[in-house]
Number of protein chains: 2
Amino acid sequence: MSPRSPAIAPRRARDADARAYHHGDLRNALLAHARTMLERDGPEAVSLRAVARAAGVSQTAPYKHFASKDDLLATIAGDGFLELAASQRVIADAQDTAAERLVLLGRDYVGFATTTPQRYRLMFGAGGIDWRAHPPVAEAKAGSFTPVKDVIAEHLAGERLASGARAEVAAIATWALVHGLSMLLVDRTLHADEQGGEHALVGAVLEEHVAGLGSQASRRGAAAAVR
Amino acid sequence: MSPRSPAIAPRRARDADARAYHHGDLRNALLAHARTMLERDGPEAVSLRAVARAAGVSQTAPYKHFASKDDLLATIAGDGFLELAASQRVIADAQDTAAERLVLLGRDYVGFATTTPQRYRLMFGAGGIDWRAHPPVAEAKAGSFTPVKDVIAEHLAGERLASGARAEVAAIATWALVHGLSMLLVDRTLHADEQGGEHALVGAVLEEHVAGLGSQASRRGAAAAVR
DNA sequence: GCTTGATGTTAACAGTGATTACTTGGAGGT
DNA sequence: ACCTCCAAGTAATCACTGTTAACATCAAGC
């Protein structure tokens, strides 16, 4: 994201007086204030004018850096997906068992969601913005899912009956499970502290899921589902 | 929901002229138009004024029937949760195996979500309304989860090691799985037709999950998660 | 038949996203 | 050293939103 950030900052030559006519780094300042307001009030309550006020500029100044309010939010969401993807990639490439990495991936995913819950909500549709209208965001979103998909494939590689379709289903199920858990926590439908804390809850749910993935019973179940 | 609907409609005495000064059944007309616009444009784009226009009434008339826009949306969401809960209850009380009923519950749940996707988004936080500020909605929401919880408890009742905590975790995992799948379908992150259709996808995911729930492996997994 | 209260309407306020036309001032070529 | 150009700021304005206050209407009950 942040496509046009110049390699070397051409402004802010004088270092002292921050309040020139030209702001110096308004784009990033706007993003920072928007992120703060996003996490405080939620995506629906973020106002471009309020962001501009917080940055100390006129209400139309943001339009020199973002085509629209949606464009600003898309930048934040896209950065979020890239951040998530990078974090997941590191875990996926670690040395542990595939099963262990799956649990770690799940913990990391849910942790990402609960650390910046409003951003997570934004990333998954809460502002009513369709990322298909913002291709870089759509790409980053898809990319954030590939580490899980890879590790699932690896986890099921040693199995008989391990068709590609089965790995695909298992990957979708895992994503759905972790995403659903994140959503229920983020919108406060579930309260982690009533379930022994996030660590214990995510651990219990994921260990059960991953163990089930490899079991004889789940193979029978998956086979039965085809009919 | 819809608390104050009179037992017998006291107006619309003359049946012909629909355009009296008093609308006759404005409350329900507003709800109907709101539902239509909700499903067409999403919760974020629903405007109380547009709803009023659609009903052919002044923009402040809705305030005689709803305290605020959020109140109108809360009514729709609450009705949605009641509808979902009723449908789930019927399946939970059917004659099939607990395992079979779990799959049917999942199908029903995902079907509910994908039939009226924008309403489902509204019910789960899109629109930025916190149902804790609308107690009847919060109750209806909690109630829509109990059928699954009951059947999970029943499913695990025959097991050794079947502590209440384990059933609780399994219920949460199941809810998260089905809710996550619904969300991914509803916000078009996933496309059911690329996965063999919704029926096949939900079937595959749920059969695998339910089979895993009862397996030896999942018991080992759940035990391991405690550490 | 008069009063009353629920159900409408009109007018207004503050806040929003966005567009247009303007000003400013720093960077680079001559 | 100057001068031009254009990215990055501003002010004014439009259409729209949620919400409130004050006023109008009409059906029903005493």
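The analysis underlying the following values was restricted to heavy atoms, covering all of them including side chains, and did not include hydrogens, waters or symmetry mates. Proteins come first, then strands; the chains are lettered A, B, ... in the order of their sequence lines, and each starts at number 1.
Neither OP1 nor OP2 of dA7(D) sits under 4.0 Å from any side-chain N or O of Lys64(A). For dA7(D), neither phosphate oxygen OP1 nor OP2 lies less than 4.0 angstrom from any side-chain nitrogen or oxygen of His65(A).
Base engagement by Ser58(A) is indicated by at least one non-hydrogen atom pair under 4.0 Å involving a base atom.
Using a cut-off of 4.0 Å between Lys/Arg side-chain N and Asp/Glu carboxylate O, Arg132(B) and Asp187(A) are scored as not salt-bridged.
Ring geometry for His179(B) versus Phe124(B): interplanar angle of 30 to 60°, hence tilted. Using cut-offs of 30° and 60° for the angle between ring planes, the Phe112(B) and Tyr120(B) rings count as perpendicular.
Across the protein-nucleic acid pair, Asp71(A) atom CG and dA18(C) atom P stand 10 Å apart, rounded to whole Å. The nearest whole Å value for the distance from the CD atom in Glu44(A) to the P atom in dT17(D) is 18 Å. Atom OH of Tyr63(A) is separated from atom C1' of dT20(C) by 13 Å (rounded to the nearest Å). To the nearest angstrom, P of dG8(C) lies 8 Å from CG of Leu30(B). Distance, Met37(B) CE to dT17(D) C1': 12 Å, rounded to whole Å. At whole-Å resolution of the value, CD in Gln59(A) and P in dG9(D) are 15 Å apart. For Lys69(B) and dG15(C), the NZ to C1' distance is 13 Å, given to the nearest whole Å. Look at CG on Asp25(A): it is 13 Å from C1' on dA8(D), rounded to the nearest Å.
Residue Thr60(B) places a side-chain atom within donor-acceptor reach of the base of dT10(C), judged by atom type and a 3.5 Å distance cut-off alone. On a pure distance criterion of 3.5 Å, a polar donor-acceptor pair joins the side chain of Arg49(B) and the base of dG18(D).
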Run Arg101(B) and Asp108(B) through salt bridge (Lys or Arg N to Asp or Glu O under 4.0 Å) and show every step you take. CA-CA 10 Å; Arg101(B) 274 176 289 157; Asp108(B) 181 67; over 6 Å; no

